[in-house]
Amino acid sequence: MKTFELSGELRSEFGKKAAKELRKQELVPCNLYGSGENITFTVKVADVRKLIYTPDTMVVILTIAGKKHNAVIKELQFHPVKEQLLHIDFLEVTDKKPVTVDIPVQVVGHAEGVKAGGKLSLEVRKLKVCGLYTNLPDRVVVDVTSLGLGKRIQVSDLHFDNYSIANVKDMMVVQVKATRASKQAEEA
């Protein structure tokens with residue numbers, strides 16, 4: 001997984017009023033969970049833009065009060081109308097305890113069903129992946145080369161060595177749908 005360095009300042013004020021004041025100063029209230037004690041801190045909005053607006057899942061190296069923590073984003077909260085970032089929850093990760101994160105799906109290969117006139121349809125953009133953060137990939141790679149017309153790949157068809165997929169087993173990941181042109185070609 002890719003890494004992202006971020007520094008934050010400890011928070012002393014809590015509650016709605018304090019959070020509102022922080023947001024006026026272009027700061028985002030944050031929490032870090034998982035290390036025994038929860039740490040509340042703030043980061044600058046400009047510093048987290050490249051972390052949030054990317055399809056990649058990253059390990060964040062947080063520096064808070066001179067101490068470094070490895071973490072992943074657990075939850076983001078946005079304002080429902082303004083799209084303003086309101087809050088970030090981080091989950092501290094270690095190389096001893098598995099973690100579950102959303103990883104983007106990448107399709108590789110040219111499906112046989114597409115060659116026959118079908119249309120490839122990616123049904124899920126991200127999958128929940130469970131494993132040690134050092135073993136997690138940047139992307140879940142799904143090979144569709146042997147996927148025929150009308151066939152699909154489900155979560156139960158995907159198997160990896162260092163991590164597992166935590167989504168329901170019958171969830172469809174990718175499929176080749178029949179098109180009018182492919183149906184007419186079969187009839188002729």
Side-chain angles (χ1 to χ4, degrees), residues 1-11 19 22-35 38-95 97-110 120-144 153 155 158 160-168 171-175:
M1 289 178 74
K2 296 177 183 176
T3 59
F4 186 87
E5 293 201 17
L6 184 64
S7 60
E9 299 292 323
L10 287 172
R11 254 171 55 187
L22 290 171
R23 291 185 192 108
K24 283 182 184 176
Q25 299 170 26
E26 294 289 314
L27 296 173
V28 180
C30 303
N31 288 335
L32 176 65
Y33 299 107
S35 61
N38 297 335
I39 301 171
T40 57
F41 62 100
T42 59
V43 294
K44 295 177 184 171
V45 173
D47 292 346
V48 294
R49 279 202 176 99
K50 290 183 180 175
L51 173 66
I52 293 170
Y53 299 111
T54 179
D56 298 325
T57 304
M58 298 188 198
V59 173
V60 182
I61 302 168
L62 287 170
T63 306
I64 305 165
K67 192 174 177 189
K68 291 194 180 247
H69 305 272
N70 290 338
V72 292
I73 292 179
K74 182 178 178 184
E75 183 182 6
L76 296 171
Q77 293 176 6
F78 289 93
H79 190 279
V81 177
K82 299 178 190 174
E83 289 292 319
Q84 175 191 14
L85 181 62
L86 297 177
H87 187 82
I88 306 174
D89 284 337
F90 291 96
L91 179 65
E92 189 164 8
V93 293
T94 64
D95 54 359
K97 185 178 177 185
V99 65
T100 302
V101 293
D102 290 336
I103 304 280
V105 175
Q106 179 181 2
V107 176
V108 295
H110 193 67
L120 187 71
S121 175
L122 180 64
E123 303 295 327
V124 181
R125 292 187 185 275
K126 291 187 175 189
L127 290 172
K128 290 191 182 304
V129 176
C130 184
L132 297 176
Y133 85 94
T134 53
N135 294 336
L136 296 180
D138 290 333
R139 303 200 184 283
V140 176
V141 178
V142 179
D143 186 14
V144 295
I153 295 176
V155 170
L158 302 175
F160 302 99
D161 293 335
N162 296 327
Y163 56 92
S164 62
I165 310 273
N167 294 82
V168 292
M171 176 185 267
M172 193 179 325
V173 179
V174 66
Q175 69 174 333

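Computed from a predicted structure; not experimentally measured. Scope of the values below: all heavy atoms of this structure, side chains included, with no hydrogens, waters or symmetry mates.
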For [X] against [Y], the heavy-atom pair lying closest together:
X: L32; Y: H69; value: CD2-CG, 3.7 Å
X: L127; Y: V124; value: CD2-CG1, 3.9 Å
X: A71; Y: F90; value: CB-CB, 4.0 Å
X: D143; Y: V108; value: OD1-O, 3.2 Å
X: P29; Y: R11; value: CB-NH1, 2.9 Å
X: V173; Y: L122; value: O-CD1, 3.6 Å

Distance in Å, [X] [atom1] paired with [Y] [atom2], rounded so as to fall on 0.5 Å steps:
X: I52; Y: I73; atom1: CD1; atom2: CD1; result: 5.5 Å
X: L91; Y: Y33; atom1: CG; atom2: OH; result: 10.5 Å
X: T134; Y: N70; atom1: OG1; atom2: CG; result: 10.5 Å
X: Q77; Y: D89; atom1: CD; atom2: CG; result: 6.5 Å
X: I88; Y: L51; atom1: CD1; atom2: CG; result: 6.5 Å
X: Y133; Y: T94; atom1: OH; atom2: OG1; result: 8.0 Å

Would you mind reporting whether [Y] and [X] have side-chain heavy atoms less than 4.5 Å apart?
X: H87; Y: N31; answer: yes
X: I103; Y: Y163; answer: no
X: T3; Y: M58; answer: no
X: T57; Y: V129; answer: no

- Task: Report the C-alpha distance between V45 and L85 in whole Å, list the side-chain angles of each, state the deciding distance to 0.1 Å, and finish with yes or no for side-chain contact (heavy atoms from CB on, under 4.5 Å).
- Result: CA-CA 8 Å; V45 173; L85 181 62; 5.6 Å; no
- Query: Taking it one step at a time, do V174 and E123 satisfy side-chain contact (heavy atoms from CB on, under 4.5 Å)?
  - Reply: CA-CA 5 Å; V174 66; E123 303 295 327; 6.0 Å; no
- Message: Let's go through V99 and L136 carefully: what are the C-alpha distance in whole Å and the side-chain angles of both, what is the deciding distance for side-chain contact (heavy atoms from CB on, under 4.5 Å) to 0.1 Å, and is it a yes or a no?
- Response: CA-CA 9 Å; V99 65; L136 296 180; 4.1 Å; yes
- Query: Would a distance-only check, ignoring hydrogens and angles, find a side-chain to backbone donor-acceptor pair under 3.5 Å from N167 to K128?
  - Reply: yes
- Message: Tell me if a side-chain donor or acceptor on S7 pairs with a main-chain N or O of T63 at a distance below 3.5 Å.
- Response: no
- Neighbour count above 12 (heavy atom, 6.0 Å) for E9 CD: no
- Under the side-chain contact (heavy atoms from CB on, under 4.5 Å) criterion, do I165 and F160 qualify, and how do the steps go? CA-CA 8 Å; I165 310 273; F160 302 99; 3.9 Å; yes
